[in-house]
Amino acid sequence: MLKTMTIFGTRPEGIKMVPVVQALNKEPAISNIVVNTAQHREMLDQVLELFAIVPDYDLDIMQANQTLEELTGRLIQKISQIIQQEQPDLVLVHGDTTTTFVGAYSAYLNQVPVAHVEAGLRTHNIHSPFPEEINRQMVGRIASYHFAPTDTNRDNLLRENIKEETIAVVGNTVIDVLLQISQRESFFPPELETIFNNGKKTILLTSHRRENLGTMESVFRAIHRLTTAHSNVQVIFPIHKNPKVRKISLDEIGKNKNIHLIEPLEYAQFIQAMDKAYLVITDSGGIQEEAPGLGKPVLVTRDTTERPEGVAAGTLKLVGNSEELIFKEAQHLITNSLAYDEMAAIRNPFGQGNSAEQIVNYIKKIFLEEKAALV
Ligand code: UD1
Ligand code: UDP
């Protein structure tokens, strides 16, 4: 029996590891331990409940306004303890959060091989996104197996001298979960339905990145200007639970009646909201991959993106944190239906929806077939 351990702790890692956990659970020759660090509490609990995943371990790490140093310190001791107790054959981590890096580093310290899901994304600027770029680069050094969503991601890894035979291009598991949720009948809050049905064009906004905390006001000012300049435009903004984000949002746009500030939506509802929206404005990583899958143009309020495939395809546009540029580009898509239709028609470059299956097949091949053949 192969013993794997999946470690995750934030909302996006949870969403994107759901299909991997499901696929591992289907394999009779694999026993998977689920470790939730709970770096996020409510926002990840929503995801686990929706997909009925009950972690074997819940480290309950989150504290309000946690610093990266505190988080790292608490995580490394607790994760290492569990790895020592369970002695897995392989640890799987996802993406680029503090949980991801510490999960991989703890496995390395305990000499357990690491598989990195969503490997090879790079901006090549270690300060943007902060600290995610350095987290994923460090996990790239530690990991023995790299599941890259795209060829570009694989090429990034090859340039870092990662051995080709340890990389598999498998698409992004976010598409697996997106397809799964799109096929389910899901509840949608009637109060949100009413907002969507009021005849206005709806922009779905999210904003949370640490490196944007000092400049987020500009994004909100652009949004405020849009809703005042165009009476047929409204905004729905599910606010991240980070208290710093909440304060800036409330201070800047809390009083604007055409900007609906709401609690984070449960994943299935968020996907429906994205589907009903006209346009998405975001600094999120995952949403850059999902929105094109639903035919929604995305303005990315960041200076860099580790998803250049979307920019090259034309489905994402980088607008940074400049009030003027965000206003101008959003206004263009609101008023120019040709430009809008062109951007909305582009095909999603991030996968076909069978990434988790490919990941588990690869693990089976390495650990169950090739190693067994050596015995
Ligand atoms: C983290 C990740 C980031 C990812 C983001 C997804 C790191 C360094 N950052 O950033 O890569 O894009 O998650 O959302 O790993 N909070 C709650 N309830 C929750 C979640 C968060 O109250 O369910 C509040 C807490 O006060 C917490 C704060 O938000 O201290 C920040 O959470 P944290 O995980 O440290 O950083 P994020 O900005 O969420
Ligand atoms: N999401 C959600 N509810 C919301 C906002 C976002 O379920 O109210 C989902 C979204 O569909 C995507 C993920 O959360 O899959 C993105 O998370 P976030 O933006 O927090 O992190 P990032 O992707 O930037 O790391």
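When reading the values below, keep in mind they use all heavy atoms of this one structure, side chains included, and skip hydrogens, waters and symmetry mates. Just follow the structure's listing: the first ligand is 1, and inside any ligand the first atom is 1.
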Atom [atom1] of [X] with >12 non-hydrogen neighbours under 6.0 angstrom:
X	atom1	answer
Y362	OH	yes
Q84	CD	yes
H124	NE2	yes

Take the angle between the ring planes of [X] and [Y] and call it parallel below 30°, perpendicular above 60°, tilted in between.
X	Y	answer
H240	H40	perpendicular
Y340	Y278	parallel
Y267	F51	tilted

Using a 3.5 Å cut-off on N or O atoms only, is [X] in polar contact with ligand 2?
X	value
G286	yes
I287	no
R209	yes

So which bit of [X] gets within less than 4.0 Å of ligand 2, heavy atoms only: side chain, backbone, both or neither?
X	result
Q46	neither
F270	side chain
I15	side chain
E290	side chain
H208	side chain
S284	both

Among all protein heavy atoms, pick the one closest to [atom] and tell me residue, atom and distance.
atom	result
atom 21 (O) of ligand 2	P12 CG, 3.3 Å
atom 20 (O) of ligand 2	R11 NH2, 2.8 Å
atom 22 (P) of ligand 2	G285 N, 3.5 Å
atom 8 (O) of ligand 2	L265 N, 2.8 Å
atom 7 (O) of ligand 2	Y267 CA, 3.3 Å

Once salt bridge (Lys or Arg N to Asp or Glu O under 4.0 Å) is applied, what residue pairs with a partner in [range] remain, sequence neighbours excluded?
range	answer
residues 88-113	D96-R136
residues 218-229	R221-E252, R225-E323, R225-E324
residues 97-112	none

Near ligand 1, which protein residues have a heavy atom under 4.0 Å away?
-> T10, P12, Q39, H40, R41, E42, M43, M62, Q63, A64, N65, Q66, L68, T97, T98, P131, E132, H208, R209, R210, H240, K241, N242, P243
For the atom pair CZ (F327) and NE2 (H332), what is the distance rounded to the nearest 0.5 Å?
->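 So the gap between those two atoms works out to 13.5 Å.
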Under the 3.5 angstrom rule, does the side chain of S355 hit a backbone N or O of V170 as a donor-acceptor pair?
->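 Side chain of S355 to backbone of V170, a donor-acceptor pair under 3.5 Å: yes, one is there.
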P238 heavy atoms within 4.0 Å reach ligand 2 at atoms 8 (O)
Pairing of E290 and K16 as salt bridge, 4.0 angstrom limit =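 Salt bridge: no.
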Is the closest side-chain heavy-atom distance between L178 and I271 below 4.5 Å?
-> yes
